[in-house]
Every structure is written in C-alpha cells, then in structure tokens.
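Written below as structure tokens is the structure these notes are about.
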There are 2 protein chains.
Amino acid sequence: MPVKPEAPAEGVGAVDRALSILFAFEAGDAGLTLAELSRRTGLYKSTLLRLIASLERARMLVRPGAEARWRLGPALVGLGLRAQSGTTLLRELVPPVLRRLVAETGESASFYVREGEARLCLLREEGRHAARDQVPPGSLLPLYRGAAGHVLSGAADGLSVTIGERDPELAAIAAPVRGSQGLLLGALCLSGTATRLRDARYRAPLEEAVRREAAGLTALLGG
Amino acid sequence: MPVKPEAPAEGVGAVDRALSILFAFEAGDAGLTLAELSRRTGLYKSTLLRLIASLERARMLVRPGAEARWRLGPALVGLGLRAQSGTTLLRELVPPVLRRLVAETGESASFYVREGEARLCLLREEGRHAARDQVPPGSLLPLYRGAAGHVLSGAADGLSVTIGERDPELAAIAAPVRGSQGLLLGALCLSGTATRLRDARYRAPLEEAVRREAAGLTALLGG
DNA sequence: GGCTTCGTTCCGTCAGACAGAATATCGTTC
DNA sequence: GAACGATATTCTGTCTGACGGAACGAAGCC
C-alpha cells in the first residue's frame with residue numbers, strides 16, 4: 001500500500017518518501033537496483049541514496065553485496081512479528097467464536113477493530129445464506145455507520161442493531177468486546193440482509209448469541 | 001535495534017526520527033501514548049505528531065481508538081513477510097546441508113550472507129567438539145577477514161581457507177553458493193580450532209565436503 | 001480551585017533536504 | 001582501445017520543510 005508523496009500536507013515529506021521506497025518492493029524481488037527504485041518511486045537517485053542511508057542504518061534495507069542493489073532488511077521481520085503480536089490473542093480466540101455464531105445462526109460473523117476514524121474487518125466467517133454482505137478481512141469500513149461502527153465509535157455502549165444504515169439491503173448486530181480495565185478491543189458482529197433481520201422474532205436469538213459470545217470473549221480477555 | 005538520531009550526518013534526520021518511533025515499541029506493548037513515546041524517543045510531542053501522521057498514513061502505526069494511543073500497524077506485518085521471503089528458500093535448503101556437514105565432519109557449519117561491508121551469520125549448526133568458535137545466528141562479522149569473508153567480498157573466487165585470521169585460535173573453510181546468473185548468494189562455511197584445521201590431512205576431507213555441498217546448493221538454487 | 005500532566009495547535013526561524021548538474025564507473029558493441 | 005549508453009556517486013546553491021517550544025485546552029488528582 002504505497003504512500004503518495006504528493007498527498008496533502010500532513011506528516012513529513014521525507015518520511016513519506018522513505019516509506020515509499022519500502023513499499024516499492026514486491027513479492028519475489030530479489031534485489032532492486034538504484035535505477036529500478038528510481039523508476040518505481042519517481043525519486044531522484046541522489047534523494048534515494050540519502051533516504052536509503054537511513055533505511056540501511058535501521059536495517060530496514062540491506063545491500064547484500066558491493067553492487068548497488070537492495071533488499072528489504074531483517075528489522076522489518078522483527079517489527080512485523082512485533083506488530084502481529086498485538087492481535088495474536090484475538091486471532092486465536094475469536095475464530096472459534098465466529099464459527100459457533102455462524103453454526104448457530106447461519107448469518108455471517110465478523111470481528112472489527114477500530115483504526116483511527118475507520119473500522120477494520122479483522123476476522124470473518126461467512127454465513128450460509130446466499131444473500132449476504134461481502135466484507136473480506138482486511139477491509140476498512142466507515143466508523144460512524146453500521147452496528148459495529150456504533151460500538152467502536154462509542155455511539156453505542158452495549159448491543160447495537162442497525163438496519164439499512166451502511167447499505168439499504170443489509171443489517172447488522174454488534175456487541176463490544178473489552179479487555180482489561182474496560183478497554184474496548186473490538187466489536188463482535190453478525191450481519192445479513194435487512195429483510196431477514198428486520199423481523200424481531202428472527203433477530204432476538206441472534207442478538208442473544210452475539211451478546212453472550214461477546215461477554216464470553218470479554219471474560220477471556222480480562223474485561 | 002534502535003537508530004541513533006544523533007548519528008553522523010548521513011541519511012535524513014526526519015527519517016531517522018520516524019524510524020526511532022517504530023523501534024520504541026517493545027514486545028507486549030498494547031499501545032503507547034504520546035507522552036510515553038516522547039519519553040522513549042526523546043522527541044518533542046509536536047515533532048512526534050508530525051512524524052506519526054506519516055507513519056499512520058503508511059499504516060505502520062495505527063491509532064486503535066479516539067484516544068491518543070498507537071500500536072504497530074499491519075503494513076509492518078506485510079513488509080516483514082516480504083522481507084522474509086527473500087531468504088525463505090535459503091532457510092529451507094541450507095539447514096539440512098549444515099546438519100550433514102556437522103554429521104560428516106564434526107566441525108561447526110554456518111551459512112553467511114553479505115550485508116554491506118559486513119557478513120551476517122544467517123544459519124548455523126554447532127559442531128561436536130568442545131573447543132569451537134561461538135557465532136550465534138544473527139551475528140555480524142567482519143567482511144574482509146575469515147574464509148567466509150574472503151568468499152563474500154570476492155577476494156576468493158572458489159574455496160577459501162583461513163587459519164588464525166579473525167582469531168588466532170580459529171580457522172575456517174568456506175565456498176561460494178551461487179544463484180541464477182552466477183549471483184553470489186552466500187558462503188557455506190566450516191569452522192573450528194586452528195590446531196585441528198592446520199593439519200592438511202585432517203582438513204582435506206573437510207574442504208572436499210564444503211566444496212561438494214556448496215556445489216550442490218548452487219545447483220539447487222539455479223547457479 | 002489549584003496543580004500537574006497530557007494532547008493539540010501554532011508559528012518564527014534556519015539548516016536540512018532537495019533537485020539536478022557534474023563526474024566516475026561499468027558493460028556492451030564495434 | 002574507443003565510443004556509447006546506462007548506472008551509480010558526488011557535490012552544491014537554494015529555499016522551504018521541519019523543527020523547537022510556547023501557548024492553550026482538557027483531564028485527572030488532591
């Protein structure tokens with residue numbers, strides 16, 4: 001996901017440029033020359049060399065030999081593992097819960113976390129119905145719409161139900177999952193068509209299942 | 001391995017500062033506040049906020065909620081995996097070779113790759129002798145000393161043997177491992193005490209084994 | 001209410017970073 | 001060996017991007 005060096009003025013230009021070098025590398029790149037990096041990033045070679053010096057010192061880039069060719073460095077492996085450890089527990093505990101919710105209700109089950117002014121679909125299990133929403137894990141969705149958004153933005157303190165808010169044909173039920181000291185970790189969510197979920201009698205057991213499983217996760221996670 | 005923002009003038013200061021933020025995170029940090037990041041990096045909060053804006057846009061940092069608290073972001077996971085893929089094949093093919101070398105000769109077997117003007121011990125299997133050199137994987141060693149260094153610096157075109165060069169009591173035998181188009185990928189190395197390896201009759205089968213296994217790796221790797 | 005700490009915004013200053021020219025090196029072709 | 005094109009490296013004048021740190025508001029504590 002490369003950054004755009006010409007993005008609106010916020011942040012630091014040199015940092016944006018440096019990071020664009022890292023994102024210039026693609027899977028399978030054994031090593032990129034200065035000329036190739038210049039082509040991929042649009043940066044002058046003198047600029048590249050300055051920025052690369054900082055990235056090399058941090059071992060985010062390494063120059064495997066004497067020739068002018070660079071690869072992504074070991075520091076990124078370390079940071080990547082450290083970045084991942086933050087959600088490792090969630091990635092262990094949440095999928096079984098999602099599968100149980102799908103087995104029990106037939107609707108799609110997701111887990112969302114807040115990311116700035118958006119929400120990220122971290123984990124997902126598809127429901128059994130042919131008609132259902134499509135949200136691949138990794139998607140960023142609006143924070144202020146949809147049941148999970150209400151939960152994550154604090155607009156809803158407990159269970160939230162929205163019908164046709166993000167899309168007129170879809171509806172969702174979400175409940176907060178908390179960690180130690182009441183920290184809001186994410187939102188457990190069931191989603192399906194508005195046609196099905198509008199029916200309060202159909203919906204009642206779904207609400208109860210989301211509430212129960214979210215409370216269970218909260219208990220497991222120290223909330 | 002945090003960078004030192006006050007390092008000699010090479011590279012770009014703002015980039016060094018930004019990366020120092022990423023390295024400020026430790027394993028187990030659920031999220032760091034602005035004040036805590038300021039303490040750990042020594043940077044002013046206004047400077048931090050500017051730099052963090054760039055890191056957030058690149059999704060190297062994420063702000064999980066409305067409060068001022070950041071975690072390492074998903075882009076680092078992606079870059080970490082991409083960084084790792086470059087040596088994945090080596091990490092699969094080389095360890096069995098190292099184990100065979102140890103089984104056959106009893107001496108310690110290592111695989112080095114060049115990193116700028118140094119060499120990195122990527123992989124290692126300890127030998128059976130009580131007296132042996134200590135080089136944990138991940139170590140950086142001098143490029144211009146030692147048999148593996150001669151190979152990686154191009155000072156030796158084929159097999160290299162050095163006795164007492166890096167340490168008076170140690171000796172090593174190394175051969176190049178090449179990839180497609182003759183690209184030098186690394187050096188396969190046996191090392192032990194100078195006392196043992198100084199004996200040409202003792203050493204001859206070791207040289208043959210290193211040569212043979214390096215040629216085998218080269219064949220596997222497209223050289 | 002006062003104090004401390006934190007997070008956010010603002011702005012004058014200047015030195016850090018850039019663009020891009022110049023130079024050196026390398027590889028290829030004849 | 002010379003010529004050519006491409007690549008890598010070095011250098012420097014310019015100026016604006018980034019910094020430091022003050023000011024301010026909010027939150028928490030006593």
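Lettering follows sequence order; numbering is per chain, from 1.
- Spacing between atom CD1 of B:I52 and atom P of C:dC6 amounts to 15 Å, rounded to whole angstrom units.
- Atom CZ of A:R17 and atom P of D:dT16 are 13 Å apart (whole Å).
- Distance CZ (B:R63) to C1' (C:dT8): 10 Å, rounded to an integer number of Å.
- The separation between B:L48 atom CG and D:dC19 atom P is 10 Å, rounded to whole Å.
- If you find the closest nucleotide of DNA chain C to B:E36 and to B:R50, the one lying nearer the 5' end belongs to B:E36.
- Using a 4.0 Å cut-off between a side-chain N of Lys or Arg and a carboxylate O of Asp or Glu, B:R124 and B:D133 qualify as a salt bridge.
- Proximity of A:E207 to A:L190: side-chain heavy atoms (C-beta onward) are nowhere separated by under 4.5 Å.
- Atom OH in B:Y44 sits roughly 14 Å away from atom P in D:dA23 (whole-Å rounding).
- Taking for each of A:A35 and B:T47 the nucleotide of DNA chain D with the nearest heavy atom, the 5'-most of the two is the partner of A:A35.
- The shortest side-chain heavy-atom distance between B:F25 and B:L61 falls under the 4.5 Å cut-off.
- Ion pair A:R63/A:E56 not flagged as a salt bridge, since none of the NZ, NE, NH1 or NH2 atoms sits closer than 4.0 Å to an Asp/Glu carboxylate oxygen.
- The phosphate of C:dC6 has OP1 or OP2 within less than 4.0 Å of a side-chain N or O from B:R39.
- Rounding to whole angstrom units, CG of residue A:L49 and C1' of D:dT10 are separated by 10 Å.
- One can place CG of B:L51 at 9 Å from C1' of D:dA18, the figure rounded to the nearest angstrom.
- A:S46 has no side-chain polar atom (N or O) that falls below the 4.0 Å cut-off from OP1 or OP2 of C:dG20.
- Put simply, CD on B:E67 is 18 Å from P on D:dA26, counting in whole angstrom units.
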